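Please read these numbers as outputs of a predicted model, since none were measured by experiment.
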Amino acid sequence: MKSLVICVMGLFAAGALGQQQSLGDIARANRAKKHATASTRLDDDTFARSTAPPPAASDENAKKSDDKNGDAKAADSKDARKDASSSPAQKNDDLKKKIEDQKKELSTLQRELDIAQREARLRAAAYYADAGTMLRDQAKYAEDSRKEQGEIDTKKQAVEAAQQKLEDLQEQARKAGVPVSD
């Protein structure tokens, strides 16, 4: 009886060995199945975040707006309509040019900010180096320092706004499929 059981088990084992695939073959088959089912690409362009449609901005509403943001949005929507009527190659070139112009503007603003900060540090170093000046001109130095700091803060805000605009243009280019160098 034992020999019969061993013989039957041997036959099943031999049959199973003949039909087994290698681990590499199984992995390749699973990988092929994964790639075949992943046909939908989800990103910010194809995945809706809300069920309500975005509000449409009309030219009349944009003209009635008195604030800067409303005027900027109206100008952007006009640019978008103008871009939609032009060829894709022209649109890509326009986006690249806008991005390059924004990079130049950002570098100019950053340079101005650096110069203003450097001048403030030099002025402070000269003021604190001379004890006589510190005693004679305390009020004037404090007033000038406040003015310089206000100017520096204004320039920082301008740099941040330019940086945000550059990022928005780069995102717009990315969505349009335009290759942009950083």
Side-chain angles (χ1 to χ4, degrees), residues 42-86 88-182:
L42 296 177
D43 59 8
D44 287 341
D45 298 333
T46 59
F47 189 72
R49 293 185 185 266
S50 66
T51 58
S58 67
D59 288 340
E60 294 172 2
N61 291 340
K63 288 178 184 176
K64 290 179 183 177
S65 175
D66 293 332
D67 63 320
K68 269 185 164 178
N69 291 338
D71 292 340
K73 288 178 184 175
D76 288 344
S77 67
K78 287 179 184 177
D79 288 344
R81 274 187 255 123
K82 182 179 78 173
D83 289 346
S85 64
S86 63
Q90 180 66 28
K91 235 174 22 174
N92 293 350
D93 291 341
D94 289 345
L95 271 174
K96 285 181 182 180
K97 181 159 179 28
K98 285 180 186 178
I99 289 171
E100 290 303 317
D101 290 345
Q102 189 62 29
K103 283 181 180 180
K104 288 177 186 175
E105 181 182 345
L106 180 62
S107 84
T108 301
L109 289 171
Q110 185 64 45
R111 191 176 322 116
E112 290 175 2
L113 175 63
D114 291 342
I115 289 170
Q117 288 174 334
R118 190 176 324 125
E119 287 176 353
R121 284 192 301 266
L122 287 173
R123 198 169 157 282
Y127 176 78
Y128 287 113
D130 186 14
T133 305
M134 286 179 15
L135 292 173
R136 286 187 302 262
D137 298 331
Q138 287 179 354
K140 183 179 182 300
Y141 176 75
E143 181 182 332
D144 290 344
S145 293
R146 279 192 296 276
K147 286 180 183 177
E148 283 181 345
Q149 190 59 42
E151 180 182 323
I152 288 171
D153 291 342
T154 302
K155 289 184 181 194
K156 281 183 181 178
Q157 290 174 351
V159 166
E160 289 173 2
Q163 180 67 35
Q164 182 62 42
K165 185 175 179 184
L166 176 64
E167 289 173 2
D168 291 343
L169 284 172
Q170 287 175 335
E171 179 66 16
Q172 183 181 0
R174 182 197 66 80
K175 287 182 178 180
V178 177
V180 179
S181 62
D182 289 327

*Asks:* For the residue pair Q149 / D153, report whether a side-chain donor-acceptor contact shorter than 3.5 Å exists.
*Replies:*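 There is such a pair (donor and acceptor under 3.5 Å, judged by atom type) between the side chains of D153 and Q149.
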
*Asks:* Picking from K96, Q102, K103, what satisfies side-chain contact (heavy atoms from CB on, under 4.5 Å) with I99?
*Replies:*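 Only one option passes, and that is K103.
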
*Asks:* Can you tell whether the side chains of R174 and E171 come within less than 4.0 Å, N to carboxylate O?
*Replies:* yes

*Asks:* What's the separation between atom CG in L169 and atom CG in D101, rounded to the nearest 0.5 Å?
*Replies:*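 Between L169 CG and D101 CG, I get 9.5 Å after rounding to 0.5 Å.
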
*Asks:* With sequence neighbours left out, which residue pairs that include part of residues 127-137 fulfil the salt bridge (charged side-chain N to carboxylate O under 4.0 Å, His left out) condition?
*Replies:* none

*Asks:* Is there side-chain contact between Y127 and K140, with heavy atoms separated by less than 4.5 Å?
*Replies:*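 The answer is no; the side chains never approach within 4.5 Å.
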
*Asks:* In chain order, what residues pass the side-chain contact (heavy atoms from CB on, under 4.5 Å) check against E143, with sequence neighbours excluded?
*Replies:*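 R146, K147.
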
*Asks:* Are I152 and K156 side-chain neighbours, meaning at least one heavy-atom pair lies under 4.5 Å?
*Replies:* yes

*Asks:* Just list the side-chain donor-acceptor pairs under 3.5 Å for residues 158-165, sequence neighbours left out, or say none.
*Replies:*
from	atom 1	to	atom 2	distance (Å)
Q163	NE2	E167	OE2	3.4
Q164	NE2	D168	OD1	3.0

*Asks:* R123: which residues meet the salt bridge (Lys or Arg N to Asp or Glu O under 4.0 Å) condition with it, sequence neighbours left out?
*Replies:*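 Residues passing salt bridge (Lys or Arg N to Asp or Glu O under 4.0 Å) with R123: D144, E148.
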
*Asks:* Quick test of your reading: applying ring pair (Phe, Tyr, Trp, His ring centres under 6.0 Å), list the pairs with at least one residue in residues 106-125, sequence neighbours left out, ordered by first then second residue.
*Replies:*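 Pairs touching residues 106-125 that pass the test: none.
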
*Asks:* About how many Å separate NZ of K98 and CG of L166, when rounded to the nearest 0.5 Å?
*Replies:* 13.0 Å

*Asks:* Using a 3.5 Å cut-off and no angle test, enumerate the donor-acceptor pairs between side-chain atoms of residues 108-122 and protein atoms at least two apart in sequence or in another chain.
*Replies:*
from	atom 1	to	atom 2	distance (Å)
T108	OG1	K104	O	3.0
Q110	NE2	D114	OD1	3.2

